[in-house]
Amino acid sequence: MTNINQLFAQKHAGEKLAMLTCYDYSSAQIINQSAVEMVLVGDSAAMVMHGETSTLPIDYCTMAQHVKAVAKGAPDKFIIGDLPFLSYRKSLHENMNAVEALMKAGAQAVKLEGVSGNESLIKHIVESGVPVMGHLGLTPQSVNQFGGFKVQGKTANAQQRIIKEAKTLEDLGCFSVVLECIPDALTQELVKHTSMITIGIGAGAAVDGQVLVMQDMLGYSSAFSPKFLRRYLNTEQLFLDAFNAYAKDVKAGHFPDQSEQY
């Protein structure tokens with residue numbers, strides 16, 4: 001099983017880390033056989049698995065079910081459970097219930113977005129023995145505040161704020177941070193100021209590793225084409241061809257044939 005010490009050993013050796021999102025047992029089984037070290041059970045499940053237009057609707061109980069399925073399918077990987085919208089902005093008791101649910105479901109760390117207002121909770125989570133991954137830049141749970149999914153850190157003030165936030169996360173004990181949709185120049189500057197494991201998505205190549213949504217990099221939808229996305233498969237067309245071939249065989253009476261009957 002990949003652990004936090006191995007991740008830091010790779011970072012210090014200059015070896016890049018690969019992370020993918022995953023939300024289900026069957027996909028996790030395949031990832032478990034791959035060279036990917038880290039699996040993020042992201043709140044992006046709200047959009048990818050449940051058809052929502054943002055990450056906001058999913059709750060931590062649903063997230064725990066996704067974590068549980070992935071943990072069963074990928075026991076050899078380092079699994080991070082995403083704390084969803086407002087699950088860490090309530091009372092300490094409620095916040096820790098969410099953390100507990102994800103960890104007991106099989107996560108080895110939790111991820112949360114932003115810094116301001118989360119400082120005391122992050123410190124408490126870390127001191128409770130739970131590794132914490134931060135998330136800066138484009139934080140999807142703040143989509144309404146940002147006015148959409150937009151690149152962050154374009155101005156000098158915004159860049160200094162993100163660097164300061166990263167330093168705060170490190171001081172609070174976070175082991176890692178996801179940097180999403182920020183300029184490459186900012187990433188290059190930020191990594192000079194932190195010893196955390198940096199994971200990028202649309203943040204350039206200076207980070208310690210990259211993360212993509214599994215369904216995006218497999219090409220489940222040709223309609224989603226952000227600049228940072230590289231597709232490694234055209235699954236949408238492969239699936240469509242297979243579905244149509246199956247339907248054609250069924251309608252023509254070619255499936256099942258004699259060899260497929262009892």
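All of these numbers come straight from a predicted model, not from anything done at the bench.
Comment: R161 engages E165 in a salt bridge, judged by a side-chain N to carboxylate O separation of less than 4.0 angstrom.
Residues T2 and E37 bring no donor and acceptor atom of their side chains to less than 3.5 Å of each other. With hydrogens and angles left out, the side-chain atoms of Q215 and S221 include no donor and acceptor closer than 3.5 Å. Inspection of the R231 and S225 side chains reveals an N or O donor paired with an N or O acceptor under 3.5 Å. Checking T62 against Y60 by side-chain atom types alone, no donor-acceptor pair falls below 3.5 Å. Of the N and O atoms on the side chains of T155 and N157, not one donor lies less than 3.5 Å from an acceptor on the other residue. For T168 and D171, the side-chain atoms include no donor-acceptor pair closer than 3.5 Å.
Looking at I4 and F175, their side chains come closer than 4.5 Å, going by heavy atoms from C-beta outward. A heavy-atom distance below 4.5 Å is found between the side chains of F224 and L229. Considering only heavy atoms from C-beta on, Q237 comes within 4.5 Å of D241 through its side chain. Considering only heavy atoms from C-beta on, F228 comes within 4.5 Å of L212 through its side chain. Side-chain contact between I58 and E52: absent, with no pair of heavy atoms (C-beta onward) separated by less than 4.5 Å. Between K77 and N32 the shortest side-chain heavy-atom distance falls below 4.5 Å.
Judged purely by atom type and a 3.5 angstrom limit, E180 has no side-chain atom pairing as donor or acceptor with the backbone of I201. Using a distance-only test at 3.5 Å, with no hydrogens or angles considered, no donor-acceptor pair links the side chain of H12 to the main chain of E15. Listed for the T235 side chain is a donor-acceptor partner under 3.5 Å among the backbone atoms of L218.
The local environment of CD in Q261 is crowded, with over 12 non-hydrogen atoms from other residues, nucleotides or ligands closer than 6.0 Å.
Under a hydrophobic-cluster definition in which Ile, Leu, Val, Met, Phe, Trp and Tyr are linked whenever side-chain heavy atoms come within less than 4.5 Å, directly or via other members, V207 and V151 are assigned to different clusters. Cluster membership for V67 and Y25, using ILVMFWY side-chain heavy atoms within less than 4.5 angstrom, is not shared.
Here the closest non-hydrogen pair linking D208 and I197 is OD2-CA, 3.4 Å. Residues P256 and E260 approach most closely at CA-OE1, 3.4 Å, considering heavy atoms. Scanning all heavy atoms of the two residues, the minimum distance from C22 to A28 falls at SG-N, 3.5 Å.
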Could you pull out every donor-acceptor pair under 3.5 Å between side chains of residues 80-88 and any protein atom, sequence neighbours left out?
{"from": "D82", "atom 1": "OD1", "to": "K111", "atom 2": "NZ", "distance (Å)": "3.0"}
{"from": "D82", "atom 1": "OD2", "to": "D43", "atom 2": "N", "distance (Å)": "3.0"}
{"from": "D82", "atom 1": "OD2", "to": "K111", "atom 2": "NZ", "distance (Å)": "3.4"}
{"from": "S87", "atom 1": "OG", "to": "P84", "atom 2": "O", "distance (Å)": "2.6"}
{"from": "Y88", "atom 1": "OH", "to": "E113", "atom 2": "N", "distance (Å)": "3.1"}
{"from": "Y88", "atom 1": "OH", "to": "E113", "atom 2": "O", "distance (Å)": "3.4"}
{"from": "Y88", "atom 1": "OH", "to": "Q141", "atom 2": "OE1", "distance (Å)": "2.8"}

Side-chain donor-acceptor pairs under 3.5 Å in residues 181-190, sequence neighbours left out?
{"from": "D184", "atom 1": "OD2", "to": "Q188", "atom 2": "NE2", "distance (Å)": "2.5"}
{"from": "T187", "atom 1": "OG1", "to": "P183", "atom 2": "O", "distance (Å)": "3.4"}
{"from": "T187", "atom 1": "OG1", "to": "A203", "atom 2": "O", "distance (Å)": "2.7"}
{"from": "E189", "atom 1": "OE2", "to": "H193", "atom 2": "NE2", "distance (Å)": "3.0"}

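Exactly one of N118, N95, V130 qualifies for a side-chain contact (heavy atoms from CB on, under 4.5 Å) with I125. That residue is V130.
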E127/K123 under salt bridge (charged side-chain N to carboxylate O under 4.0 Å, His left out): CA gap, chis, key distance, verdict: CA-CA 6 Å; E127 291 176 349; K123 188 171 186 291; 2.6 Å; yes
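Residues passing the ring-ring contact (aromatic ring centres under 6.0 Å, His included) test with Y232: none are found, sequence neighbours excluded.
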